[in-house]
Amino acid sequence: MAEVRTRFAPSPTGFMHVGNLRTALYAWLLARSEKGKFILRIEDTDQARYVANAVEVIYASLKSAGLDHDEGPDKDGGFGPYIQSERRGLYRKYAEELVASGNAYYCFCGKCDDEDDEEIHEASALCPCAAMDKAEAAAKVAAGEAHVIRQRIDRSKISTFTDTVFGTISIENKVLDDQILLKQDNMPTYNFANVVDDHLMNITHVVRGSEYLSSTPKYNLLYEAFGWEIPTYVHLPLIMGRDAEGNVSKLSKRHGSVSFENLVAEGYLPEAIVNYIALLGWSPKSDREIFTLAELSEAFKVTGLNKSPAVFDYDKLRWMNSEYIKALSPEDFAAAAAPFAQVSGTVLEKSWNKIAALLHGRTEVLSEIPEKIAFLKELPEYTVDLFNHKKSKSDPENSRSDLPELQKKLAELSTWDAENISGAISSFAAEKEVKAGRPMWQVRIAVSGCAVTPGGPGEIMEILGKEESLRRIALALEKLA
RNA sequence: GUCUCCAUCGUCUAGAGGCCUAGGACACCGGGUUUUCAUCCCGGCAACACGGGUUCGACUCCCGUUGGAGAUGCCA
C-alpha cells in the first residue's frame, strides 16, 4: 500500500473560513491516522484576488490550530513549488497535451458579458470552437490571438465514480460543461491546476467539501485523458449557517463570525474551535465529545464521516469553549484572558491574578470579560430597586438601616482581605439573627451596583480596597436616604 | 430550469432488521448545593418527514412523494 498523502489547498483570501479549516483538519487527521503525509499547497491562480499577507494568515491559522504540514511552500518535500502561481509555466504544457490528444480545444469566443450570461453559458457547453479545424486553431494561437483552452467532453457517456463517504455516483456527461482549463491570462483554472498538481504531488486522497461532488466527473475525465490514476475521494458534508429568517445555507459571513481568526479574536480558544468543528460532520461513534488533537487522530476513521450538512451552532461552540477554559490552569487562564480584560494601565492591573481567579469558572468566551468586571473600574449607575432580593430577604428599607452598621464594622477591620470581610458580614448577620445572605446581598449591591458579579462581596471588596469599598457604601447610603 | 446529493429531538449526533416504549451532548425548563450569579449535581421537555412495498418483524432495505442543500464562473 502506497503512502497516504493528503493535501490542504486553500486560496489566499486573507482569512481562514472554519469550513476550510475543518477540511484541513480532516485531511490532516486522515494523513496522521494513516501515518502518511499532509501537504499544504497555495492555490492562487486568480490574480485578481491577490491579498497581501494572506499566505502568512494561512500559516498562522494552521499553526494555531495545531495542524502541522509535512510539505509546503516553507517546507520542501521534493514536490514543489507549492504555490501555484510559481508553477504557472507548467500547466500550459499539460493543457496542450490534452489538445493534442483531442481531449481539449482552443476557444476564441472571448469573455462573455454579464447580461448575456445565460446565453453564452449555454453556448460554452456547445462551443463552436470545438469543431474548428486543428490547424486553423493552431495558426490563430501562433498569431497571438487571445484564447482559452477548454476541456472536450464526450457527451454521449455516463460517468460513474465512488466517493468514500457518499458512495457511488453517476452523472450523464451531457450535463457537463466544456470547462475552461487554461485562462486567457495563461493561468490554469482551479479545477485544472488541482488535477495536475494533485497528480504531480502524488496525492492519494482528495479531501474536500461536497460542493465538488457534481464536478468530480470532470476531474475524472481529465485524469483519464492523461492516463493518470484517479485519487480516492473523500467529500465532506457542508457546514451550514442559519440566518435571521431561519433559513440555512452554506456558512458565510452573514451568519456571524466564520473565520478562525475572528473566532479567536472573540475569545474562543483554538483548541475548542478545532474540537468543535471536528464533531461537525464526523462522529467518533461514542458519547465522548472532548478530544485533544492527538486523541482525535487516534480516534479518527473515515467511516465516522457523515453525509448530511451540519448547522454551525454557536451555542454549542460556546459551551465547548467554556469546558476548555475551565480545564486551563489558573496561570494559563490569567495569561489567556489578560489580552481581553483591558486592565493594563488601570488600577486593576495589580489585582489581575485575583480577578482572573474570580473569572475563571464563569467565563464562556473571553471577549465577555470586560463587561463582567467593568464595575470594578467604575461603579455603574443603579437604582435602589437593586436592593430588593426575595431569596435573601433584602430590600431598600433594611438596607438603609443595616448598611451604616456594616459600614462601621468594615471600617474597623484591620486586615482587609476577603476572609475577614466575609467574616465581618457574617458576624453582623449572627448578631442580627438574620441569614447571612441578606447583608451579603446588601453589601454586594452597594459596592458593585450589579445584580450579577463574579465573586461575592468579600472578594470584590478585597480587590476594590478598603477606601474605595467604604466610599461606595457611603454612596449607596446617599441613594437610600 | 437542469443535474447531483441529503433526510433521527430546535441544533450536533448514536443507531449498520429484532438489543429502540430510539441513547448522548448543546439549548431550554424545573429542583438541589452555593453568602448573589455562574459552576457543580439531579430531573424534565423534545425526533425516526410522508406514502407504498420487502419481511414473522423496519429508524434501519427498495420505490415514490415532499422538503432541504449544493452545482451549473476565464472564483476557489
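In what follows, chains carry the letters A, B, and so on, assigned in the order in which the sequence lines appear, proteins first and then strands, with residues in each chain numbered from 1. Hydrogens, waters and symmetry mates are skipped; everything else that's a heavy atom, side chains included, is used.
Note on A/Arg438 versus A/Asp402: salt bridge recorded, some NZ/NE/NH1/NH2 to OD/OE distance being below 4.0 Å.
No side-chain donor from either of A/Tyr219 and A/Asp198 sits under 3.5 Å from a side-chain acceptor of the other. Looking at A/Asn194 and A/Tyr212, their side chains never bring a donor and an acceptor atom within 3.5 Å of each other. For the residue pair A/Glu368 / A/Thr363, no side-chain donor-acceptor distance below 3.5 Å is found, with atom types taken as modelled.
At B/A71, one or more side-chain N or O atoms of A/Lys250 fall inside 4.0 Å of OP1 or OP2 (strictly under the cut-off). Between A/Lys174 and B/C3 there is no side-chain N or O to OP1 or OP2 distance below 4.0 Å. Residue A/Lys183 places at least one side-chain N or O closer than 4.0 Å to OP1 or OP2 of B/A76. An OP1 or OP2 oxygen of B/U4 is reached within less than 4.0 angstrom by no side-chain nitrogen or oxygen of A/Ser170. For the pair A/Lys307 and B/C6, the criterion of a side-chain N or O lying under 4.0 Å from OP1 or OP2 is met.
Within the 4.0 angstrom heavy-atom criterion, no nucleotide atom of any strand lies near A/Thr13. When heavy atoms are screened at a 4.0 angstrom cut-off, A/Gly437 is found touching the sugar-phosphate backbone but no base atom. Using a 4.0 Å heavy-atom criterion, one finds that A/Leu238 contacts the sugar-phosphate atoms exclusively. At the heavy-atom level, A/Val148 lies under 4.0 Å from base atoms of the strands shown. Residue A/Gly455 is in base contact, counting any heavy-atom pair closer than 4.0 Å across all strands shown. Looking at heavy-atom distances under 4.0 Å, A/Ser322 makes no contact with the nucleic acid at all. Among the atoms of the strands shown, only primed sugar atoms or phosphate atoms (P, OP1, OP2) are found under 4.0 Å from some heavy atom of A/Thr45. Residue-level contact check: A/Thr453 touches the bases, meaning some heavy atom is under 4.0 Å from a base atom.
The side chain of A/Val248 has B/A69 as its nearest neighbour among B/C5, B/A69, B/C26. Side chain of A/Ile171, nearest nucleotide from B/C3, B/G24, B/U11: B/C3. Here B/A7 is the nucleotide among B/A7, B/C74, B/A76 with the atom lying nearest to any side-chain atom of A/Ser308. For A/Tyr212, taking side-chain heavy atoms from C-beta onward, the closest of the listed nucleotides B/U11, B/G15, B/A76 is B/A76. Of the listed nucleotides (B/C26, B/A76, B/G70), B/A76 has the atom at the smallest distance from the side chain of A/Asn191. Nearest nucleotide to the A/Thr189 side chain, out of B/A14, B/A71, B/C74: B/C74. Listed nucleotides B/A76, B/A69, B/U36 differ in distance to A/Arg444; the shortest reach to its side chain belongs to B/U36. Closest to the side chain of A/Val175, out of B/G70, B/C12, B/C3, is B/C3. Of the candidate nucleotides B/C74, B/A14, B/C6, B/A14 has the atom nearest to the side chain of A/Asn306. In the set B/A25, B/U4, B/G24, B/A25 carries the atom at the smallest distance from any side-chain atom of A/Trp319.
Figure legend. B/G43 is base-paired to B/C29; pairs are counted as Watson-Crick or G-U wobble with both atom distances under 3.5 Å. Look at B/U34: it lacks any Watson-Crick or wobble partner with both distances under 3.5 angstrom. Here B/U55 sits opposite no nucleotide as a Watson-Crick or G-U wobble pair (both hydrogen-bonding atom distances under 3.5 Å). Across every strand in view, B/A16 sits unpaired, with no contact that passes the Watson-Crick or G-U test at under 3.5 angstrom. Under the Watson-Crick or G-U wobble criterion, with both distances below 3.5 Å, B/U21 is left unpaired in every strand shown. For B/C3, the paired nucleotide is B/G70, the pair qualifying as Watson-Crick or G-U wobble because both relevant distances are below 3.5 Å.
A cation-pi arrangement is present between A/Lys479 and A/Tyr382 under the rule of less than 6.0 angstrom and at most 45 degrees off the ring axis.
Comparing the same atom, P, in B/A46 and in B/C41 gives a spacing of 24 Å after rounding to whole Å. Taking the C1' atoms as reference points, B/G70 lies 32 Å from B/U54, given to the whole Å. Comparing the P positions of B/G32 and B/A47 gives a spacing of 28 Å, expressed to the nearest Å. A gap of 28 Å separates the P atoms of B/C59 and B/G43, to the nearest Å.
Put simply, the side chain of A/Tyr105 never gets that close to the backbone of A/Leu98: no donor and acceptor are under 3.5 Å apart. At distances below 3.5 Å, at least one donor-acceptor pair connects side-chain atoms of A/Lys372 with backbone N or O atoms of A/Arg362.
Per the geometry, CE belonging to A/Met187 stands 13 Å off C1' belonging to B/C75, to the nearest Å. Protein atom NZ of A/Lys218 is 12 Å distant from nucleotide atom P of B/A71, rounded to whole Å. Residue A/His235 contributes atom NE2, which lies 14 Å from atom C1' of B/A76 at whole-angstrom precision. Atoms CD1 (A/Ile460) and P (B/A38) sit 15 Å apart, rounded to a whole Å. One can place CG of A/Asp178 at 12 Å from P of B/G73, the figure rounded to the nearest angstrom. Atom CG in A/Leu176 sits roughly 15 Å away from atom C1' in B/G73 (whole-Å rounding). At whole-Å resolution of the value, CD1 in A/Ile355 and P in B/A38 are 22 Å apart. Atom-to-atom, CZ of A/Phe312 to C1' of B/A27 comes out at 15 Å; the value is rounded to the nearest Å.
Judged by atom type and distance alone, A/Arg362 does not reach the base of B/U39 through any side-chain donor-acceptor pair under 3.5 Å. For a distance-only test at 3.5 Å, the side chain of A/Arg318 fails to qualify as a donor-acceptor partner of the base of B/C26. In this model, a side-chain donor or acceptor of A/Lys316 finds a partner on the base of B/A25 within 3.5 Å. Interface remark: the A/Lys391 side chain does form a donor-acceptor pair with the B/U34 base, using a distance-only criterion of under 3.5 Å. Between the side chain of A/Tyr276 and the base of B/A25, no donor-acceptor pair under 3.5 Å is found.
Proximity of the aromatic rings of A/His235 and A/Phe166 is defined here by a centroid distance below 6.0 angstrom, and this criterion is not met. When ring centroids are compared, A/Tyr276 and A/Phe312 come within the 6.0 Å threshold.
Each of A/Asp44 and A/Thr363 has a nearest nucleotide on RNA chain B; the 5'-most of these lies closest to A/Thr363. Projected onto RNA chain B by closest heavy-atom contact, A/Ala451 and A/Val165 fall at different nucleotides, the more 5' of which corresponds to A/Val165.
No side-chain heavy atom of A/Asn321 sits under 4.5 Å from any side-chain heavy atom of A/Glu364.
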